[in-house]
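All chains are named by letter (A, B, ...) in the order of the sequence lines, taking the proteins before the strands, and each is independently numbered beginning at 1.
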Amino acid sequence: MEKKSSFIHQIEEFRQSNVLIADSISIGNQAIVRYTGEFWTAKQRQANALHEISYRACFKPQLPRFFIEHLTQPGDKVYDPFSGRGTTALEAALMGRVPVANDINPLSAMMAAPRLLPPMVEEVKQRLSEIDLSPSNSTEIDLTMFYHTDTFRELLNLRSYLIGKDGNGSLDSTDRWIRMVATNRLTGHSTNFFSGYTFPPNQAVSANRQRLINQKREQVPPYKNVKEIIVKKTKDLLKGIAEKERSTLFGIAAQAQFVTGPADSTKAISADSVALTITSPPFLDIVQYSDDNWLRCWFNGIDADAVASGITMSKKVEDWCIVMQGVFDELFRITKPGGYVAFEVGEVKNGKIKLDEAVVPLGIGAGFICEVIVINAQEFTKTANIWGVSNNSKGTNTNRIVVFRKNTATKLGGS
DNA sequence: TCAACGAGTAACGTTGTACT
DNA sequence: AGTACAACGTTACTCGTTGA
């Protein structure tokens, strides 16, 4: 006889001391308990600064922290099949858990893995001083709507250096750090980006649109010093990394696993090995992941169109569910008996579609037990101000997490 | 043709705190 | 008193796709 999940007990205690809403929803023939409230706060600058690289559609580090704290022990494997910038992987590593991460876009591991091996600022300065960014460079692509010609020349040289060393296998952890920082400085709306004024840094607009933005603002991209900007951002990222954090991360990094491929077929990850999965899949077709990352892919020699063809962009919930069922089946394979999945989605289409309700049967269909739905609702910046969408009135304003558990008893007739 | 829809972020400025 | 910096509230701003 299996004992009652201690997680629900913890949530219930939390609820009683914080006066949260508890109700339940019927899905199929089951009543799923649902708690709504402010389980964690998610303001800016409340987590480790090492997280602060922009990537489209990332959740706040407080989200994985909450579930890692409650559901794992140090040394446990914590997995994210839609890893993105690697929020789950990094937060897990900072907490002494072993990260396993997957993403269809190779950009993801390039952004996540180097931050498990944070260098000293001096190492980065030294390496940059050894790279010659001055030679004039023939270009196969015009990006002068984004960059001053001298900045563009520096970027082309850095790109050749990185792609060259990657190609002959001589890229080291300092180079990978520089590649991660540079990729994140390619476009942005303020001074410490290589580009002139453009969109906020998680989305690169098309070249044509950038020309129009330049016209409208009567701007020509100003000169930006590539090496100086990389050093500046390196310092910012390393603010929260004292020796204690550095040694935790270095100890963990050697055990971490980064996989690049579809989330429903991750053969490199062992069966029955993962203690906790924390993830957030694409929400239907809301975010244009490969378009938003086209410049980053170019900088790293990645074919963005090829990546795009593998990304789930279903418009309809039914189509999305078919793809996600495959993901859940794979999660069931790799989760260890007694392990958990915390699957985060949001409400979309002006609140009409609550994806958490669609997720419940998928996990059950894969063999999991649905434990509870945790909804973090608060006044916080999720969709605030961008596109003129005001916070808590439109767009996705809550984190809706469906928590599943794999029974410790062996499933009968399992293949 | 037009309206609906939508997974932010970095810098600035003010206030607070620590140290000389 | 003066300096440095940490903390944090506030501020600025755009595109692309779809379906009626």
Side-chain angles (χ1 to χ4, degrees), chain A residues 41-47 49 51-64 80 82-85 87-88 103 108 145-146 181 184-219 224 229 232-233 235-237 239-240 279-295 308 311-316 343-353 355-356 376 379-401:
Chain A
T41 56
K43 293 181 181 176
Q44 266 188 265
R45 294 170 296 201
Q46 301 290 300
H51 282 290
E52 292 180 9
I53 62 164
S54 47
Y55 199 87
R56 199 66 210 277
C58 27
F59 45 48
K60 311 279 179 174
Q62 288 85 350
L63 190 158
D80 187 346
F82 299 99
S83 183
R85 72 168 175 174
T87 310
T88 299
D103 201 285
S108 173
M145 67 296 289
F146 290 100
V181 176
N184 274 279
R185 299 289 95 185
L186 286 173
T187 59
H189 59 318
S190 48
T191 48
N192 282 304
F193 290 93
F194 303 146
S195 67
Y197 183 93
T198 178
F199 254 41
N202 56 14
Q203 286 163 274
V205 298
S206 65
N208 279 338
R209 272 297 167 180
Q210 186 59 43
R211 282 192 201 94
L212 292 174
I213 291 172
N214 292 349
Q215 262 174 35
K216 192 168 158 191
R217 299 174 65 96
E218 300 182 333
Q219 68 176 13
K224 304 288 186 85
I229 287 175
K232 166 89 168 60
K233 183 60 183 177
K235 284 180 183 165
D236 286 351
L237 286 169
K239 263 191 310 210
T279 194
S280 187
F283 300 173
L284 306 184
D285 60 344
I286 303 291
V287 171
Q288 311 298 310
Y289 287 91
S290 74
D291 288 349
D292 291 346
N293 283 312
W294 76 269
L295 252 180
I311 295 180
T312 309
M313 293 292 287
S314 322
K315 278 194 277 287
K316 294 198 294 194
F343 203 85
E344 196 259 6
V345 289
E347 75 280 16
V348 293
K349 302 288 173 194
N350 219 345
K352 285 194 290 286
I353 298 175
L355 286 173
D356 45 323
N376 201 52
E379 290 194 26
F380 72 122
T381 307
K382 187 158 185 177
T383 52
N385 295 330
I386 198 166
W387 318 125
V389 175
S390 47
N391 207 31
N392 281 323
S393 66
K394 287 178 171 182
T396 300
N397 292 290
T398 56
N399 300 113
R400 313 174 79 84
I401 300 101

remark   = Residues passing the salt bridge (charged side-chain N to carboxylate O under 4.0 Å, His left out) test with A:Asp103, sequence neighbours excluded, are none
ask   = Sub-3.5 Å donor-acceptor pair from the side chain of A:Gln219 to the main-chain atoms of A:Tyr197, do we have one?
value = yes
request  = Determine yes or no for a side-chain-to-main-chain donor-acceptor pair under 3.5 angstrom, with A:Ser195 supplying the side chain and A:Phe146 the backbone.
outcome  = no
request  = For C:dC13 and B:dG6, measure between their P atoms and round to the nearest Å.
outcome  = 24 Å
ask   = Between A:Lys239 and A:Tyr197, which has a closest nucleotide on DNA chain C that is more 5'?
value = A:Lys239
ask   = A:Leu295 CG to C:dC15 P: how many Å, rounded?
value = 16 Å
What nitrogen or oxygen pairs link the protein and nucleotides 11-13 of chain B at under 3.5 Å?
{"residue": "B:dA11", "atom": "OP1", "partner": "A:Asn192", "partner atom": "N", "Å": "3.4"}
{"residue": "B:dA11", "atom": "OP1", "partner": "A:Asn192", "partner atom": "ND2", "Å": "2.8"}

inquiry  = For a quick test of reading the model, state the closest non-hydrogen atom pair linking A:Ala207 to A:Met145 and the distance between them.
reply    = O-CG, 3.6 Å
ask   = A:Asp292 versus A:Tyr55: any side-chain heavy-atom pair under 4.5 Å?
value = no
ask   = Rounded to the nearest Å, what distance is computed from the NZ atom of residue A:Lys60 to the P atom of nucleotide B:dG8?
value = 9 Å
Please tabulate the protein-to-nucleotide N/O contacts below 3.5 Å involving nucleotides 16-18 of chain C, giving atom names and distances.
{"residue": "C:dG16", "atom": "OP1", "partner": "A:Ser206", "partner atom": "N", "Å": "3.3"}
{"residue": "C:dG16", "atom": "OP1", "partner": "A:Ser206", "partner atom": "OG", "Å": "3.1"}
{"residue": "C:dG16", "atom": "OP2", "partner": "A:Arg209", "partner atom": "NE", "Å": "2.9"}

request  = Could you tell me which residues satisfy salt bridge (charged side-chain N to carboxylate O under 4.0 Å, His left out) with A:Lys235, sequence neighbours excluded, listed by chain and number?
outcome  = none
ask   = Between A:Ser280 and A:Asp80, which heavy-atom pair has the shortest distance, and what is it?
value = N-OD1, 4.4 Å
query = Rounded to the Å, how far apart are A:Lys235 NZ and B:dA10 P?
reply = 18 Å
key: Closest non-hydrogen atom pair, A:Leu237 against A:Ala49   = CD2-O, 3.5 Å
ask   = Is there a donor-acceptor pair closer than 3.5 Å between any side-chain N or O of A:Lys224 and the backbone N or O of A:Thr191?
value = yes
query = B:dA10 C1' sits how many Å from A:Lys233 NZ, rounded?
reply = 8 Å
ask   = With sequence neighbours left out, what residues match A:Phe343 under ring pair (Phe, Tyr, Trp, His ring centres under 6.0 Å)?
value = A:Phe328
message = Nearest whole Å is fine: how far is C:dC15 C1' from A:Ile213 CD1?
response = 7 Å
Secondary-structure notation, DNA chain B, from Watson-Crick and G-U pairs under 3.5 angstrom (| other strand) = ||||||.|||||||||||||
ask   = Just how far, in rounded Å, is C1' of B:dT9 from CD of A:Glu52?
value = 9 Å
note = Taken to the nearest whole Å, CG/A:Leu355 to C1'/B:dG6 is 14 Å
Nearest-Å distance for atom pair CD1/P, residues A:Ile229 and B:dA10 = 13 Å
task = Answer yes if the side chains of A:Asn208 and A:Arg211 hold a donor-acceptor pair under 3.5 Å, and no otherwise.
result = yes
